[in-house]
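One is the number of the first residue; the rest follow in order along the sequence. Since the structure is predicted, the reported quantities are computational estimates derived from the model, not experimental observations.
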Amino acid sequence: MGATAVLGFIAAPAQASSWTGHLTGAAPGYESRRWDDDGGRTNIKFSGCKDDYTNKRVAVTLFRNRKLAPDAYYSTQAFSKCFSGGTSSGWWEDHGSGSYYFDVNGALVGVHVSVASITTIY
């Protein structure tokens, strides 16, 4: 009888990647740094928010960078808890692999925002 080889492996669970940062006086339409994502959900968290108006809300929109075409944009989420001592957190569903970024207050004119802590998990 011939020998039978059995080859097995266990796949490790996917590990989330992340980056942290802050914003100081970001103008409407400010774009975050880009990150490369292999797919999966994206979570963006803001804490310690301030603006130079009485808006007390920051609009966060997720984008995927595309070559030779306008960037794809996904839902805009309104963050407000971060203005009252809490943490605002938004989730975006899997939109495939690619280079991603978010903008802040893209549709607001003249509202500058500062964020003490940003965490992006992808």
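Expressed to the nearest 0.5 Å, how far NZ of Lys50 lies from OG of Ser114 amounts to 8.0 Å. Between the OG atom in Ser47 and the CZ atom in Phe79 there is a gap of 11.0 Å [rounded to 0.5 Å]. To the nearest 0.5 Å, the span separating SG on Cys82 from CZ on Arg57 amounts to 11.0 Å. With rounding to the nearest 0.5 Å, the separation of NZ in Lys56 from CG in Asp51 is 4.5 Å.
A heavy-atom distance below 4.5 Å is found between the side chains of Val111 and Asp52.
When atom types are taken as modelled, the side chain of Ser88 and the backbone of Lys81 share a donor-acceptor pair closer than 3.5 angstrom. Formation of a donor-acceptor pair under 3.5 Å by the Thr20 side chain with backbone atoms of Thr119 is not found in this model. Using modelled atom types, no side-chain atom of Asn43 and backbone atom of Ile121 make a donor-acceptor pair closer than 3.5 Å.
Shown here for Val104 and Ala26, the closest heavy-atom pair between the two residues is CG2-CB, 4.2 Å.
At a cut-off of 3.5 Å, with distance as the only test, a side-chain donor of Trp92 or Ser75 sits close to an acceptor on the other residue. In the model, Asp37 has no side-chain atom that pairs as donor or acceptor with a side-chain atom of Ser97 under 3.5 Å.
Ring orientation note: the planes of Tyr74 and Tyr100 are tilted relative to one another, at an angle of 30° to 60°. Taking the six-membered ring where tryptophan is involved, the planes of Trp19 and Trp35 are tilted, since the angle between them lies from 30° to 60°.
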Next item on the list: Could you check Phe63 against Asp103 for side chain to side chain contact (heavy atoms under 4.5 Å, CB included), going step by step and ending with a plain yes or no?
Entry: CA-CA 8 Å; Phe63 289 84; Asp103 83 356; 3.6 Å; yes

Note to self: Test side chain to side chain contact (heavy atoms under 4.5 Å, CB included) on Ile118 and Leu23; report intermediate values, then the result.
What the structure shows: CA-CA 8 Å; Ile118 299 170; Leu23 295 177; 3.5 Å; yes

Next item on the list: Determine, stepwise, if the pair Val115 / His22 fulfils side chain to side chain contact (heavy atoms under 4.5 Å, CB included).
Entry: CA-CA 5 Å; Val115 182; His22 68 278; 5.8 Å; no

Next item on the list: Any chance you could lay out the salt bridge (Lys or Arg N to Asp or Glu O under 4.0 Å) test for Asp71 and Arg64, step after step, and finish with the verdict?
Entry: CA-CA 6 Å; Asp71 291 347; Arg64 184 171 45 139; over 6 Å; no

Next item on the list: Apply the test side chain to side chain contact (heavy atoms under 4.5 Å, CB included) to residues Val113 and Asn105: give CA-CA distance (whole Å), side-chain angles for both, the deciding distance (0.1 Å), then the verdict.
Entry: CA-CA 8 Å; Val113 66; Asn105 290 340; 4.2 Å; yes

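Tyr101 and Tyr73 fall within a single hydrophobic cluster, where Ile, Leu, Val, Met, Phe, Trp and Tyr side chains are chained together by heavy-atom contacts under 4.5 Å.
When each of Phe102, Tyr122, Trp91 is checked for a side chain to side chain contact (heavy atoms under 4.5 Å, CB included) with Ile44, only Phe102 meets the rule.
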